[in-house]
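Sequence positions, counted from 1, serve as the residue numbers for this chain.
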Amino acid sequence: SFPDYIYSYKKLGLDFSIDGVSHTIKKIILHTNIPGHVNFCLYNKCHFKIKIKETNEEKDNSSPEKSITPEMHWNEVQKIMGKPPTPLINDKGKELSPFGATYFYGYDSVIFEVTKNGFLATITLFN
């Protein structure tokens, strides 16, 4: 068995976790480079736009397209994604960050890392 490995594109604000056997992407990590986060200035800001699938009801109502961007506040993301599950609290590195612990909220195929003041720190996409 071969170990998994990571390609880090710090200038683009991206990490790719690669399966060591099949050499396929397992996870994509998008960094927002939020000031105060433990990884601030280690990555450039990734200017992503994640489009969220519309339900059949929304398609019928001609609702505007739903998408998530790095500038959004956690309250806005919750309106799109729905009620969040109980978060996993990460207090590792809280001594280095003026915002304290971060919170990981997992939905189907995506994990949001959110700062105490509600800003997105990282988004992890997986299958």
Could you give me the CA-CA distance, side-chain angles and deciding distance for Phe126 and Ile111, then say whether side-chain contact (heavy atoms from CB on, under 4.5 Å) is met?
CA-CA 8 Å; Phe126 59 94; Ile111 298 171; 3.6 Å; yes
Go through the steps for Ile68 and Val110 under the test side-chain contact (heavy atoms from CB on, under 4.5 Å), then give the verdict.
CA-CA 12 Å; Ile68 296 171; Val110 62; over 6 Å; no
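A distance of 10.5 Å separates CG of Leu12 from CG of Asp15, quoted to the nearest 0.5 Å. Atom CD of residue Glu113 and atom CG of residue Leu88 lie 10.0 Å apart, to the nearest 0.5 angstrom. Put simply, NZ on Lys116 and CG on Asp91 are 11.0 Å apart, with the number rounded to the nearest 0.5 Å. To the nearest 0.5 angstrom, Ser17 atom OG is 9.5 Å from Tyr5 atom OH. To the nearest 0.5 Å, the span separating CG on Leu120 from CD on Glu76 amounts to 9.0 Å. The structure places OG1 of Thr102 at 5.0 Å from NE2 of His37, a figure rounded to the nearest 0.5 Å.
Counting all heavy atoms, side chain and backbone alike, Lys11 lies closest to Asn44 at O-ND2, 2.9 Å. Shown here for Gly106 and Pro85, the closest heavy-atom pair between the two residues is O-CG, 2.9 Å. Considering every non-hydrogen atom in both Phe16 and Ile25, the closest pair reads CD2-CD1, 3.7 Å. Scanning all heavy atoms of the two residues, the minimum distance from Cys46 to Pro70 falls at O-CG, 3.4 Å.
For the pair Leu30/Leu14, a side-chain contact is recorded, criterion being any heavy-atom separation below 4.5 Å from C-beta on. A heavy-atom distance below 4.5 Å is not found between the side chains of Met72 and Lys79. Taking 4.5 Å as the limit, every side-chain heavy atom of Trp74 sits out of range of all side-chain heavy atoms of Met81. Looking only at side-chain heavy atoms (C-beta outward), Phe119 and His73 come within less than 4.5 Å of each other.
Under the 3.5 Å distance criterion, the side-chain polar atoms of Asn90 are left unmatched by any main-chain donor or acceptor of Tyr103. Asn33 places no side-chain N or O within 3.5 Å of a backbone atom of Phe40 that could act as its donor or acceptor partner. Panel note: side chain Thr32, backbone Ala121; a donor-acceptor pair is recorded below 3.5 Å.
With sequence neighbours excluded, no residue forms a ring pair (Phe, Tyr, Trp, His ring centres under 6.0 Å) with Phe48. Tyr43 meets the ring pair (Phe, Tyr, Trp, His ring centres under 6.0 Å) test with His31; sequence neighbours excluded.
In terms of hydrophobic clustering, with Ile, Leu, Val, Met, Phe, Trp and Tyr side chains grouped at heavy-atom distances under 4.5 Å, Leu42 and Tyr7 are assigned to different clusters. Ile6 and Ile28 fall into different hydrophobic clusters, where Ile, Leu, Val, Met, Phe, Trp and Tyr side chains are chained together by heavy-atom contacts under 4.5 Å.
Between Tyr105 and Tyr107, the gap from one ring centroid to the other reaches at least 6.0 Å.
Taking a 6.0 Å sphere around CG of Asn127, one finds it holds 12 or fewer heavy atoms contributed by other residues, nucleotides or ligands.
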